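We use all heavy atoms of the structure for the numbers below, so side chains are in, but hydrogens, waters and symmetry mates are not. Read the numbers this way: they start at 1 and go in the same order the structure lists the ligands and their atoms. In this text, all values refer to a predicted model and were calculated from it rather than measured experimentally.
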Amino acid sequence: MNLDQQANGQKFFHTITFGCQMNLNDSERLAGQLRTLGYEASDEVEQATVILINTCCVRESAEKKIYGKIGEMKRLKLINPNIIIGVVGCMAQKDKEKIFKKYPHIDLVMGTHNTHQLVELIQKIETSRERVLAVWDQAERLAPDVPTVRKSKISAWVPIMYGCNNFCTYCIVPYVRGRERSRTLESIVAEIKQLGEDGFKEITLLGQNVNSYGKDLEENVDFADLLQAVDQIESIARIRYMTSHPRDMNRKVIDTIKNSKRICEHFHLPVQAGNNAILERMNRGYTTEYYLQLVADIRAAVPGASITTDLIMGFPGETEEQFLETLEFIKHVRYDAAYTFLYSQRSGTPAAQYEGQLPLTTKKLRLNQLMDVQNEISLEINKQLEDTVVEVLVEGPSKNDEMTFMGRTRTNKIVLWEKKGVEKSGDLVNIQIDKAQTWVLKGRLL
Ligand code: SAH
Ligand code: SF4
Ligand code: F3S
């Protein structure tokens with residue numbers, strides 16, 4: 001520990017976050033609450049006296065990693081029994097007592113509906129030194145707002161709704177995040193205006209299914225209305241949103257994006273599978289024909305838009321023929337990029353009970369075939385950008401190299417270039433693309 005800091009009594013916390021953007025944003029809210037208790041963030045876990053593991057349980061692979069991490073923490077507790085270690089978020093919501101009983105070195109298990117209680121729970125542990133299990137089964141309609149300490153200075157996540165009502169048959173999220181709860185339009189707009197005044201340039205509206213925004217509100221507002229309102233906020237350069245459910249994406253939203261200034265030309269539309277029988281058993285609520293029409297509408301209305309997707313390989317009962325249909329489907333759509341997952345059996349979900357669970361080898365084989373096809377398509381699409389100039393929002397130095405800068409196009413493609421020294425995080429710059437790869441574009445600052 002740094003002696004100066006120890007001497008002035010500064011307390012530190014450290015968060016380890018798994019899972020989706022919603023979880024990353026939740027961690028920023030955990031950080032905001034810990035700051036009100038006098039803790040500052042530290043990148044070094046050894047320096048922290050409060051350590052929070054914010055967990056995900058969407059796939060078994062994530063859970064395995066997290067349980068490994070929880071085990072590792074025992075070492076730190078042995079060195080300093082006074083530290084507070086917490087397991088929070090989706091896996092804590094699901095496995096609550098199991099974690100609490102099995103890991104006596106964990107002081108706090110806090111579920112997704114209790115996030116706003118962190119201050120009071122930490123205070124309770126600090127004073128009583130008792131372990132605390134705080135997992136509500138259900139959410140209050142909307143949890144009270146808590147302070148946020150954001151990692152980025154230019155790009156901010158803004159949740160517009162919590163929870164999910166869709167119950168796709170493979171998915172655990174509705175069970176651990178509860179029913180859909182929308183924030184009011186006024187509170188979202190107010191938060192974004194403030195972010196604009198604070199210098200943020202890019203906003204990502206977050207929800208498990210943003211297209212059903214507002215359905216639970218008394219006021220008569222929908223996602224398109226929200227987009228229109230946010231598009232008026234002049235201090236913000238770019239607006240993104242995720243995730244869209246194809247079933248609920250509609251003409252009004254597409255037209256709003258078409259007529260907007262700030263909403264980026266990127267559509268992330270998770271299709272999950274390219275076969276109607278599988279889609280039906282997934283309870284996705286659309287057909288491949290409907291989805292293709294949606295893609296055609298988007299491409300007609302917003303030329304140059306990028307379209308990306310999520311796909312699950314090896315859903316129970318998926319035949320070789322059905323898999324080949326999905327391959328044909330992605331060749332037909334020609335996605336800019338696809339995020340591909342091996343089906344993971346989640347106990348408590350309907351699909352976990354379905355017959356025809358496939359062996360890992362089959363799932364992996366299909367995933368690899370799918371990725372080969374998609375990678376080729378992504379590269380072909382990106383190659384069309386070679387020798388063109390794209391507008392990039394500068395994020396900063398790339399992860400591995402201080403001299404290489406990184407940013408994104410409006411279509412959400414990652415661009416790398418050699419640092420010139422004039423570009424700053426948050427600037428909009430023009431980059432000449434020299435070389436396109438599957439996942440990145442490389443170019444020069446103009
Ligand atoms: N609400 C969002 C994100 C859900 S989780 C949406 O509906 O798109 C992100 C992705 O994880 C999903 O799109 C899906 O492709 C994948 N996923 C969810 N459950 C899964 C499971 N049991 N096995 C494998 N992938 C899964
Ligand atoms: Fe899961 Fe489906 Fe809800 Fe997405 S829409 S979180 S995949 S249940
Ligand atoms: Fe996100 Fe994982 Fe929870 S994907 S909502 S952190 S289960």
Worksheet entry | Option of least heavy-atom distance to atom 25 (N) of ligand 1 (set: Arg59, Gln208, Met313) | Arg59
Worksheet item: Tell me, which protein residue and heavy-atom name are nearest atom 6 (C) of ligand 1, and how many Å apart are they?
Response: Thr243 CG2, 3.8 Å
Worksheet item: For atom 2 (Fe) of ligand 3, which protein heavy atom lies nearest, and how many Å away is it?
Response: Cys56 SG, 2.3 Å
Worksheet item: Should Ser344 be counted as touching ligand 1, given the test is an N or O pair under 3.5 Å?
Response: yes
Worksheet entry | Working for side-chain hydrogen bond (donor to acceptor under 3.5 Å, both in side chains), residues Asn54 and Ser27 | CA-CA 7 Å; Asn54 192 5; Ser27 286; 3.0 Å; yes
Worksheet item: So what's near atom 1 (Fe) of ligand 2, protein N, O or S atoms under 2.8 Å?
Response: Cys171 SG
Discussion item. Would Asn209 count as being in polar contact with ligand 1, using the rule that some N or O on each side must be under 3.5 angstrom apart?
Written reply: no
Worksheet item: At the 4.0 Å heavy-atom cut-off, does Arg177 count as touching ligand 3?
Response: yes
Item to complete: May I ask you to identify the nearest protein heavy atom to atom 20 (C) of ligand 1, giving residue, atom name and distance to one decimal place in Å?
Response: Tyr170 CD1, 3.7 Å
Worksheet item: When you measure from atom 1 (Fe) of ligand 3 to every protein heavy atom, which one gives the shortest distance, and what is it?
Response: Cys20 SG, 2.3 Å
Practice prompt. State whether Arg346 and Glu63 are salt-bridged, where the test is any N-O pair (Lys NZ or Arg NE/NH1/NH2 against Asp/Glu carboxylate O) under 4.0 Å.
Written response: yes
Discussion item. Is the ring pair His268/His266 parallel, tilted or perpendicular, if the boundaries are 30 and 60 degrees?
Written reply: tilted
Discussion item. For atom 10 (C) of ligand 1, tell me which residue out of Leu311, Asp310, Thr340 has the closest non-hydrogen atom.
Written reply: Asp310
Worksheet item: Under 30°, 30 to 60°, or over 60°: which ring-plane class applies to Tyr291 and Tyr286, parallel, tilted or perpendicular?
Response: tilted
Discussion item. By the definition salt bridge (Lys or Arg N to Asp or Glu O under 4.0 Å), identify the one residue from Arg410, Arg238, Arg240 that meets it with Glu265.
Written reply: Arg410
Discussion item. Here's one to test your reading of the geometry: is the NZ or CZ of Arg59 within 45 degrees of the ring axis of Phe341 and under 6.0 Å from its centre?
Written reply: yes
Fill in: Proximal atoms of ligand 2 relative to Arg284 (non-hydrogen, under 4.0 Å)
2 (Fe), 7 (S)
Worksheet item: Has Lys96 got more than 12 heavy atoms of other residues, nucleotides or ligands less than 6.0 Å from its NZ?
Response: yes
Worksheet item: Do Val373 and Lys331 come within less than 4.5 Å of each other through their side chains, counting heavy atoms only?
Response: yes
Worksheet item: Is there a side-chain contact between Glu28 and Val149 (heavy atoms, below 4.5 Å)?
Response: no
Worksheet entry | Any Arg346 heavy atom less than 4.0 Å from ligand 1 | yes
Fill in: Closest protein heavy atom (residue, atom, distance) for atom 5 (S) of ligand 1
Val58 CG2, 4.0 Å
Fill in: Shortest protein contact, atom 14 (C) of ligand 1 (heavy atom only)
Gln272 OE1, 3.4 Å
Fill in: Cation over ring face, Arg281 and Phe315, 6.0 Å, 45°
no
Worksheet, complete the sentence: Taking only non-hydrogen atoms of Pro270 and a 4.0 Å limit, the atoms of ligand 1 in range are 8 (O)
Practice prompt. Carefully, step by step, assess Gln322 and Thr326 under the rule side-chain hydrogen bond (donor to acceptor under 3.5 Å, both in side chains).
Written response: CA-CA 6 Å; Gln322 290 170 331; Thr326 295; over 6 Å; no
Discussion item. Salt bridge check, Asp107 against Lys77: does any charged N sit closer than 4.0 Å to a carboxylate O?
Written reply: yes
Discussion item. With side-chain hydrogen bond (donor to acceptor under 3.5 Å, both in side chains) as the criterion, how do Asn166 and Arg247 come out once you've worked through the C-alpha distance, each side chain's angles and the decisive distance to 0.1 Å?
Written reply: CA-CA 10 Å; Asn166 286 311; Arg247 184 198 58 216; 2.5 Å; yes
Discussion item. Ring-plane angle category for Tyr103 and Tyr67, please: parallel below 30°, perpendicular beyond 60°, tilted otherwise.
Written reply: parallel
Worksheet entry | Nearest neighbour in protein (non-hydrogen) for atom 7 (S) of ligand 3 | Cys57 N, 3.4 Å
Item to complete: Using a strict cut-off of less than 4.0 Å between a Lys/Arg side-chain nitrogen and an Asp/Glu carboxylate oxygen, indicate whether Lys102 and Asp95 qualify as a salt bridge.
Response: no
Worksheet item: Is the closest heavy-atom distance from Leu342 to ligand 1 below 4.0 Å?
Response: yes
Worksheet item: Please state which protein non-hydrogen atom is closest to atom 3 (Fe) of ligand 3 and give its distance, to 0.1 Å?
Response: Cys90 SG, 2.3 Å
Practice prompt. Just go through Lys94, Gln208, Met22, Gln21 and tell me whose heavy atom is the nearest to atom 5 (S) of ligand 3.
Written response: Gln208
Response to the item:
If we number the atoms of ligand 1 from 1 as shown, the ones under 4.0 Å from a heavy atom of Tyr343 are 23 (N), 24 (C)
